[in-house]
Structure formats: structure tokens, C-alpha cells
Amino acid sequence: MFALVDCNNFYVSCERAFNPALEGRPVIVLSNNDGCAVARSNEAKALGIGMGAPLFQIRDIVKRHDVAVLSSNYALYGDMSARVMSILSEAAPAAEVYSIDEAFLDLRGMDRARREAFGQELRARVRRWTGIPVSIGVAPTKTLAKMANHYAKKTPALEGVLDLEDLRWRERALHKFPVGEVWGVGRRLNKRLEAMGIRTAAQLRDAHPKMIRQNFNVTLERTVRELGGQSVIALEEAAAARQSIAVTRTFGEKVTEYAAVSEAVATFAARAAEKLRRQNLLAGAVLAFIQTNRHTPQDAQYARSITVTLPEARDDSYTVLTAAREGLDAIWRDGFRYQKAGVMLLGLVGARQFQRSLFASPPVAGSAQLMGVIDHLNQRMGRGAVRFGAEGVAAQSGQWRMRQERRSPAYTTRWSELPCVAA
């Protein structure tokens, strides 16, 4: 038996945990540069604000209904996610963190009565310790657990927990569930399935697995078997090895000066290298790219990327940053208004398993120790407290820094922004 624990409206819930005045009020959280709604409270959804709706298109709704509009606060959301996942990992013998706000738990050996009590106890514990509301779906397969979670979240009478072991409940749920909402189907496959007369999860379950595999793929065949109660997607306690690490940003405003774009690329490279070390990986190549905004046809258009191969896989910021700036120098062209840039690290290998070349030049003496000190200081004092000169001074980087005019404080990750409580 699997349980899928999903945080309700996670970004909004994180904001409400530290600002109770937002409870009961329509709230939206915006994407990078305060562009589109990427999270909405139930009250905002009821007003017709769609996922991804651009802010300029919904300004009338925001003003008319006093919608609270907030910038994304990823430091807060990441830290709150870690706290929730820590609680979930301690609650079950095995857990798989599926996303920033979802985790699968292994509930094998637990009878139904115990599972119901466990679900309610776990919901109460997460809410009490973090302030985040969660919904829990339980079923004999991960695909059915996702579906159970959907109903647990949408049906108030279930009080946030639904167990689909009972075949009668499962049958009712499968017949009502749109095939496009099934985990792993998606919009493109949904159209093809509907054209074949398959419109519900029950109809997909009843389709012949071999026919589905011949007309679609083995992944959808697994979905069919999972909907029928056969567990074929195992719990993955260890995260799959990453193939790349990317840090990209859309600029706060269009940039024409090389110096500003160079600062941005250097900052992205240093951030990517920090992620690399945190995951105990090395990178064999660095890709850098720049591009204009294709949605403004009145501007001259330009987009280019380049991959710089490193002599040997490394994880120090200096090597990554130098390679990224070499790439930028090669693809830079004057006369364009750049909207976005990024750095991607490729050819990742585990640092412990890496075999150094006998003929490669050794790393700079003390490099590993220096990176360790920089990472420690930035973790303790806030990101960017110690950085390379090529990254520029934050106060002078207004052009390419993201717009975050409505960002809430870093309540849990910065001493100067801890919440204050008055008696």
C-alpha cells in the first residue's frame, strides 16, 4: 500500500503559515519577475484566476476582489518543503520525495483501520509542526494513490484522507475520474485516448495492455496495469542520478550591455557550481546561452548557446565560472536587447566514483577547502554573502536581477528576517 502526501496550494500555504491575515483571502503567488500566477488559493481559483494567468490580464479581478499578490519566495518554500519531508520520512519505513510538495510513503503491513488513523494523525502533525495543510491518498499502487489524493483534496467530507483499498470506492472513483487527469497521461495523450473513446480512468484500466503499448508506449501500459491494482511502479527511495544542473533566469528588464549580462552569467555559474558540490557531483562541460525575447517581434532577435568542455570534471566555482564566461565571450553579439541567459552543467559524475586522469593538471591548491568555506559562509549568512568579483555588486545589478517587488521575508533562512511576535 502506498500513501501520496500532497501539500495543499503549497506556495500559498507557506505564505499563510507566517501571515495568518491571508487565511480566507484570495491569494496568488507570481512567477519569476512577477509575471504570471503560479500558485493560487482556493478563493483565487473560485474567482476564475487560471494557472499561469499573466498579472496584467487579471488586474481588474485583483483590484475588485482585494486579491493578495505575492512574489515567489523560493528560499522559504524550499526550507518549508525540507521540514515537511523530514516529518514524512520519519513517519513511514520508506519514503520517496516526488516533488517539492509531494511524497510517496510505504504503508505495507498496515491494516485499513490503522491507515485511516495514521493518515489523520500525520495530517495533524504536519499542520501543527509546520502550518502546512496536506491531503493523503492511499491505494495499492502509486497511480491509484495519486487519484485518491485528488479526491481527498477536493472532497471536504473525506477530511483530507481517502483509502482506495475498498473495491467499491475504487470503482466509483475510476468511473468519475477524467482520463486526462490520470498520472502520466497529460494533454497530448488525452486527445489521442479520447479519439479512441477512452474518456475515464475506468475505460483506460479496461483497455488491453498490449493494445495500449502498441499504440502508445510501455509507460502508458504500466499506467493501465496500475489502474487495475497491479503495482509496477516501485517506490524510489534514492533519487535518480541527475544528468544536468541548470540555472537560468529571465531578466528584470531587457539588457544591452555586455557587463550586465556577464555578471548574470557569472552569478548563474557560481550558483550551479554550488548545487554541484551540494550533490557531491562533478561536471565535465559547461553550456552557456543568451537570448532575446521572441514575443517582441519589433526587436531584433538573437539566441545562441555554446558548450565548453572542461579538461577534467570539476566542481569548483572558479573553473565553472571561467568556462561560462569564455562561452559568453564566444556567442556575444552587440546590438541586441537580451531577455534571458543561463548556465547548464553537463557530463555529471559522482565525485566519489570519479577516476582522475594521470596526465591532467591538478586542481589549484586549497581549492576544495576554499569552496567549502564559501559554501559554509553563504549557508550561514545568506546567499551571496561571499561571492566572486565577476558576479558584481547586487546594488549595481538592477537590470538583470529578477523583479520581486512583493516578496515576503525569508522567515526561516535569514536571521535579519525572522518573524517577530509581540505579546
Side-chain angles (χ1 to χ4, degrees), residues 1-14 17 77-167 169-170 173-174 177 181-185 201 205 219 222-223 225-242 279:
M1 298 298 292
F2 298 92
L4 176 67
V5 184
D6 186 9
C7 302
N8 300 342
N9 304 324
F10 181 58
Y11 289 179
V12 171
S13 294
C14 289
Y77 309 151
D79 185 71
M80 294 297 287
S81 172
R83 293 166 188 254
V84 172
M85 297 308 162
S86 176
I87 296 170
L88 301 183
S89 297
E90 293 176 357
E96 173 193 342
V97 177
Y98 180 67
S99 68
I100 192 172
D101 60 349
E102 293 177 284
F104 287 101
L105 306 182
D106 184 353
L107 302 187
R108 74 181 73 189
M110 192 181 293
D111 62 44
R112 185 174 180 182
R114 178 67 189 114
R115 290 196 304 267
E116 289 281 354
F118 169 83
Q120 294 299 343
E121 290 168 3
L122 186 57
R123 289 187 73 238
R125 188 185 312 161
V126 173
R127 186 64 184 263
R128 183 169 62 251
W129 291 2
T130 68
I132 304 297
V134 301
S135 299
I136 303 176
V138 180
T141 74
K142 292 171 76 173
T143 302
L144 287 172
K146 288 278 284 187
M147 186 176 70
N149 185 280
H150 173 89
Y151 285 112
K153 186 178 295 185
K154 302 290 185 181
T155 312
L158 295 173
E159 297 183 338
V161 180
L162 174 62
D163 190 323
L164 282 184
E165 182 186 34
D166 186 285
L167 293 178
W169 275 100
R170 193 189 309 172
L174 285 164
F177 204 66
E181 299 291 328
V182 173
W183 186 38
V185 172
R205 175 205 58 189
T219 302
R222 290 183 186 139
T223 299
R225 297 186 186 279
E226 288 252 323
L227 289 172
Q230 178 185 355
S231 179
V232 294
I233 304 176
L235 199 74
E236 298 178 9
E237 294 183 65
R242 298 193 65 165
Q279 298 175 40

Notebook entry, point to check: So Val134 and Leu88, side chain to side chain contact (heavy atoms under 4.5 Å, CB included) or not? Walk me through it.
Noted result: CA-CA 11 Å; Val134 301; Leu88 301 183; over 6 Å; no

Rounded distance [0.5 Å steps], [atom1] in [X] versus [atom2] in [Y]:
| X | Y | atom1 | atom2 | result |
| --- | --- | --- | --- | --- |
| Glu116 | Met110 | CD | CE | 11.5 Å |
| Leu4 | His150 | CG | NE2 | 12.5 Å |
| Tyr11 | Met80 | OH | CE | 13.5 Å |
| Tyr77 | Cys7 | OH | SG | 13.5 Å |
| Thr219 | Arg222 | OG1 | CZ | 5.5 Å |

Provide the closest heavy-atom pair for [X] versus [Y] in the form atom of the first, atom of the second, distance.
| X | Y | value |
| --- | --- | --- |
| Glu96 | Lys142 | OE1-NZ, 2.6 Å |
| Val182 | Ala201 | CG2-CB, 3.8 Å |
| Ala145 | Ala139 | N-CB, 3.4 Å |
| Phe2 | Ile233 | CZ-O, 4.2 Å |
| Met147 | Ala173 | CE-CB, 4.0 Å |
| Ala91 | Arg125 | CB-NH1, 3.9 Å |

Notebook entry, point to check: Going through the checks in order, is the side chain to side chain contact (heavy atoms under 4.5 Å, CB included) test met by Thr143 and Arg225?
Noted result: CA-CA 9 Å; Thr143 302; Arg225 297 186 186 279; over 6 Å; no

Note to self: With a 6.0 Å cut-off on the ring centroids, do Phe104 and Trp183 count as close?
What the structure shows: yes

Next item on the list: Report the C-alpha separation of Ile87 and Thr130 in whole Å, then their side-chain angles, then the decisive distance to 0.1 Å, and conclude whether the side chain to side chain contact (heavy atoms under 4.5 Å, CB included) test is met.
Entry: CA-CA 9 Å; Ile87 296 170; Thr130 68; 3.7 Å; yes

For the pair [X] and [Y], find out whether any cationic side-chain nitrogen is under 4.0 Å from an anionic carboxylate oxygen.
| X | Y | result |
| --- | --- | --- |
| Asp79 | Arg83 | yes |
| Arg205 | Glu226 | no |
| Arg123 | Glu159 | no |

Evaluate the side-chain proximity of [Y] to [X]: yes if any heavy-atom separation is below 4.5 Å, no if none is.
| X | Y | answer |
| --- | --- | --- |
| Arg115 | Arg112 | yes |
| Ile132 | Cys14 | yes |
| Met1 | Asp106 | no |
| Pro140 | Arg170 | yes |
| Leu105 | Leu122 | yes |
| Leu174 | Leu144 | yes |

Item checked: Stepwise side chain to side chain donor-acceptor pair (under 3.5 Å) check, Asp6 with Ser135 -> CA-CA 5 Å; Asp6 186 9; Ser135 299; over 6 Å; no

Next item on the list: Go through the side-chain N and O atoms of Glu102 and Ser99 and say whether any donor and acceptor fall under 3.5 Å apart.
Entry: yes

Note to self: Does Arg108 have more than 12 heavy atoms from other residues, nucleotides or ligands lying within 6.0 Å of its CZ?
What the structure shows: no

Check: Among Asn8, Leu162, Ile136, whose side chain to side chain contact (heavy atoms under 4.5 Å, CB included) with Lys153 holds?
Finding: Asn8

Next item on the list: Could you please spell out the steps behind the ring-ring contact (aromatic ring centres under 6.0 Å, His included) verdict for Tyr151 and Trp169?
Entry: CA-CA 11 Å; Tyr151 285 112; Trp169 275 100; 9.1 Å; no

Next item on the list: Could you walk me through whether Leu107 and Phe118 pass the side chain to side chain contact (heavy atoms under 4.5 Å, CB included) test, one step at a time?
Entry: CA-CA 10 Å; Leu107 302 187; Phe118 169 83; 3.7 Å; yes

